[in-house]
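Read the structure below first, then the notes.
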Number of protein chains: 2
Amino acid sequence: MPTIRDVARKLNISITTVSRALDGYADVSEETRQRVIEAAREMGYVPNRAARQLRRRRTDSIGYIVPAAKPQFADPFFAEFIAGLGDEAASANYDLLVSTAPPNSAEEQALYRRWVQGEKVDGVILNRTRLSDWRVDFLRENKIPFACLERSLDQAADFLGVETEIEGGYLELLGHLAAQGHSHIAFIGADAGLKLQYDRLQAFQKSLTALHIQPRPDLIATGDLTPEGGYQAMLRLLTSEHPPSAVVCVNDLTAIGAMHAAHNQGYVVGRDIAIAGFDGVADSAHTQPPLTTLDQPVYTIARTLTRLLLKVVAREEIGERVVTIQPNLLIRASSGGKK
Amino acid sequence: MPTIRDVARKLNISITTVSRALDGYADVSEETRQRVIEAAREMGYVPNRAARQLRRRRTDSIGYIVPAAKPQFADPFFAEFIAGLGDEAASANYDLLVSTAPPNSAEEQALYRRWVQGEKVDGVILNRTRLSDWRVDFLRENKIPFACLERSLDQAADFLGVETEIEGGYLELLGHLAAQGHSHIAFIGADAGLKLQYDRLQAFQKSLTALHIQPRPDLIATGDLTPEGGYQAMLRLLTSEHPPSAVVCVNDLTAIGAMHAAHNQGYVVGRDIAIAGFDGVADSAHTQPPLTTLDQPVYTIARTLTRLLLKVVAREEIGERVVTIQPNLLIRASSGGKK
DNA sequence: TTATTTTACCAAAACGTTTTGGAAGGGGCA
DNA sequence: TGCCCCTTCCAAAACGTTTTGGTAAAATAA
């Protein structure tokens with residue numbers, strides 16, 4: 001593998017000039033620069049990243065730790081999310097470091113320590129933020145830039161990231177359900193410590209109130225963002241004293257499990273019971289019946305998060321620190337909306 | 001951020017000793033080692049990775065580039081796959097670098113060059129191998145270890161990775177379909193350049209022959225491993241002159257699209273037509289109807305690939321270079337097998 | 001002409017580790 | 001005692017860059 005020294009020797013110039021030529025400095029003549037670029041190309045010279053990182057004190061990498069509760073998980077949300085992060089990072093010549101750790105576990109702490117304090121990453125992407133999130137405190141303390149998908153409770157002015165405007169979407173969704181005659185509407189949520197659960201449940205309840213429907217505590221069930229969790233929660237709802245006629249799920253995977261449970265209990269989803277999800281990712285167009293959902297552009301969100309983060313990392317002027325995104329209601333057959 | 005020098009100064013010993021104490025060398029007394037470890041812990045010292053990489057000439061990272069054709073893709077296979085890679089890597093104190101690039105694109109080439117020649121990774125994980133795969137040639141040339149999920153045609157003795165024993169699984173699956181009385185069985189595949197398409201189509205045809213069913217070219221359709229691709233291919237099959245009564249799909253996502261198309265055409269999947277997938281990942285238990293599929297343990301496969309790769313990277317004695325995995329036939333309602 | 005600025009280059013230091021090749025001191029043995 | 005071998009430690013070199021603080025030559029100004 002040729003080093004910068006080899007290139008310099010070949011052209012009979014100093015390594016300084018090679019370095020500065022390739023980095024686009026003005027104090028190297030256009031002619032020399034072209035010769036350097038040409039020689040580097042033909043020798044197959046690629047700067048050694050470790051050396052560059054060591055000297056520049058930055059890594060040109062950002063990190064993302066998948067908050068996967070179980071080892072075996074297969075959430076298409078993350079496939080799309082990671083693709084977005086990776087693409088935006090690559091287009092800025094950054095690398096993306098990925099790992100997995102259960103939320104609030106010792107592994108998670110160890111990973112963040114290793115990445116942040118070992119100076120492996122210049123910034124971090126966070127999602128599935130928790131109401132009280134040690135990661136936020138830790139990153140703040142260590143002065144590592146980070147961008148979040150959901151704003152945790154104690155993030156005020158310094159918040160950097162993307163927020164989904166949920167309330168409007170939920171009001172629209174629940175209005176749609178109410179228009180179908182539903183008034184017995186349940187919610188299948190997730191761990192109460194998650195910001196997204198907090199937001200979505202709150203928006204759900206607010207929307208009920210706005211529609212003059214009395215919220216009922218026995219219609220709030222808890223899943224775990226997986227189809228299995230949705231399946232079990234739906235089973236409990238359907239075998240309770242007053243089963244709902246419509247169910248709003250915290251994400252698409254939960255809704256898929258819920259549809260399965262309803263079907264197994266003899267319901268025809270979309271006729272006997274209405275079910276809706278959130279995310280718009282999980283092949284939701286191809287479920288049977290197709291799933292009504294609040295679609296949010298996961299890939300775009302991921303790119304936006306990365307773009308924001310990299311601006312801060314590079315200390316560039318940043319226009320807006322918060323990008324707000326409106327979810328888009330997709331009415332499909334699962335809510336009886338249309339064939 | 002404290003450096004090794006700070007630790008050494010605090011204890012009044014040389015940085016050599018600190019380094020060697022932490023790395024577990026024998027030529028430092030147990031007492032000194034304990035003092036070093038204690039001091040490092042309390043000062044919050046974490047070795048700078050760039051410096052270590054530069055000196056040791058290795059990165060303690062492996063890379064994986066998601067072969068995503070479109071920017072927006074949401075294949076749960078990859079979520080589970082990446083989780084497996086990340087977990088195994090993390091447990092060996094390695095990091096996982098991830099990016100995305102369309103197969104055979106210029107971006108793909110640029111990424112591999114950057115990672116390999118810039119010495120960003122010690123090894124690479126490959127999947128969706130192509131029959132003639134420039135990545136294999138490139139990595140071989142540059143003498144970078146890599147592990148593959150599918151064996152490309154020109155990889156003989158030097159192959160390192162996991163192979164799925166497909167033929168047995170397909171024979172079992174097709175036997176199951178034949179037992180239901182199906183003889184008009186179609187196959188929805190993927191790009192002909194992919195090794196997995198080659199393998200699965202070949203296994204499909206061999207199994208037909210073994211069951212004394214005449215393979216028919218007009219029952220071979222092509223998708224693109226996505227639900228959309230499966231949907232379109234299925235539509236073409238169903239509107240052809242002799243529509244099939246059973247369809248085997250190259251993966252679960254294709255099967256999900258195919259089920260959707262069949263339903264839209266008025267078929268009841270599992271009664272009027274049988275459909276099967278491959279992977280066992282995609283929430284296949286929760287589709288409507290639940291999908292018959294050849295289940296392969298994606299998470300375990302990913303961990304195994306990483307384990308093999310890291311052994312080679314660390315130049316450890318490696319037992320077997322090839323791990324063979326048997327897919328497991330899961331008979332569910334979509335093939336009419338059971339309720 | 002001489003003085004000043006601009007252009008184009010470079011030597012050497014620095015980044016924080018790991019590794020090499022010793023060296024000091026103590027104990028065992030003849 | 002003298003010799004050798006452990007044990008435990010260390011100074012210095014090396015890894016491949018980027019950055020600092022220049023200098024020499026050429027161009028421009030006075």
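Naming convention: chains lettered A, B, ... in sequence-line order (proteins, then strands); numbering from 1 in each chain. The structure displayed is predicted, hence computed values, not measured ones. Computed from heavy atoms alone, side chains included, the values below leave out hydrogens, waters and symmetry copies.
Non-hydrogen atoms lying under 4.0 Å from DNA chain D are contributed by B:T32, all within residues 31-44 of chain B.
Between A:Y112 and A:N142, the side chains place no donor N or O within less than 3.5 Å of an acceptor N or O (distance only, hydrogens not considered). Judged by distance alone, the side chains of B:T164 and B:Q296 do bring a donor and an acceptor atom under 3.5 Å apart. Judged purely by distance below 3.5 Å, without hydrogens or angles, the side chains of B:E30 and B:Q34 pair a donor atom with an acceptor atom. Remark: the A:E108 side chain and the A:W134 side chain contain an N/O donor-acceptor pair separated by less than 3.5 Å. Between the side chains of B:S29 and B:T32, a donor-acceptor pair is found at a separation under 3.5 Å. For B:T16 and B:S19, the side-chain atoms include no donor-acceptor pair closer than 3.5 Å.
The distance from atom CD1 of B:I62 to atom CD1 of B:I125, rounded to the nearest 0.5 Å, is 4.5 Å. A:I37 CD1 to A:R33 CZ: the interatomic distance, rounded to the nearest 0.5 Å, is 6.5 Å. Here CD of A:Q53 is found 8.5 Å from CG of A:N48. Values are rounded to the nearest 0.5 Å.
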Any N/O pairs under 3.5 Å between the protein and nucleotides 25-27 of chain C? List them or say none.
none

Output a table of donor-acceptor pairs, distance under 3.5 Å, between side-chain atoms of residues 90-97 of chain A and any protein atom two or more places apart or on a different chain; print 'none' if there are none.
unit_1 : atom_1 : unit_2 : atom_2 : d
A:S91  : OG     : A:E88  : O      : 3.0
A:N93  : OD1    : B:R114 : NH1    : 3.4
A:Y94  : OH     : A:R58  : NH2    : 3.1
A:D95  : OD1    : B:R114 : NH2    : 3.4
A:D95  : OD1    : B:W115 : NE1    : 3.0
A:D95  : OD2    : B:K120 : NZ     : 2.9

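Inter-axis angle, ends of the helix from C:dT1-D:dA30 to C:dA30-D:dT1, five pairs per end, rounded to 10 degrees: 50°.
With rounding to whole Å, A:I13 atom CD1 is found 14 Å from C:dA8 atom P. In this structure, CG of B:L11 is placed 10 Å from P of D:dC10, rounded to the nearest angstrom. Atom-to-atom, CG of A:D27 to P of D:dT23 comes out at 16 Å; the value is rounded to the nearest Å.
When the options B:L309, B:L308, B:L310 are evaluated for a side-chain contact (heavy atoms from CB on, under 4.5 Å) with B:P145, the one that passes is B:L309.
With sequence neighbours left out, B:I15 forms a side chain to side chain contact (heavy atoms under 4.5 Å, CB included) with B:I4, B:R5, B:A8.
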Nucleotides 11-20 of chain C: protein proximity per nucleotide (B base, S sugar-phosphate only, - neither; heavy atom, under 4.0 Å) = BBBBBBBBBB
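Using a 4.5 Å heavy-atom threshold, the side chains of A:F146 and A:F138 count as separate.
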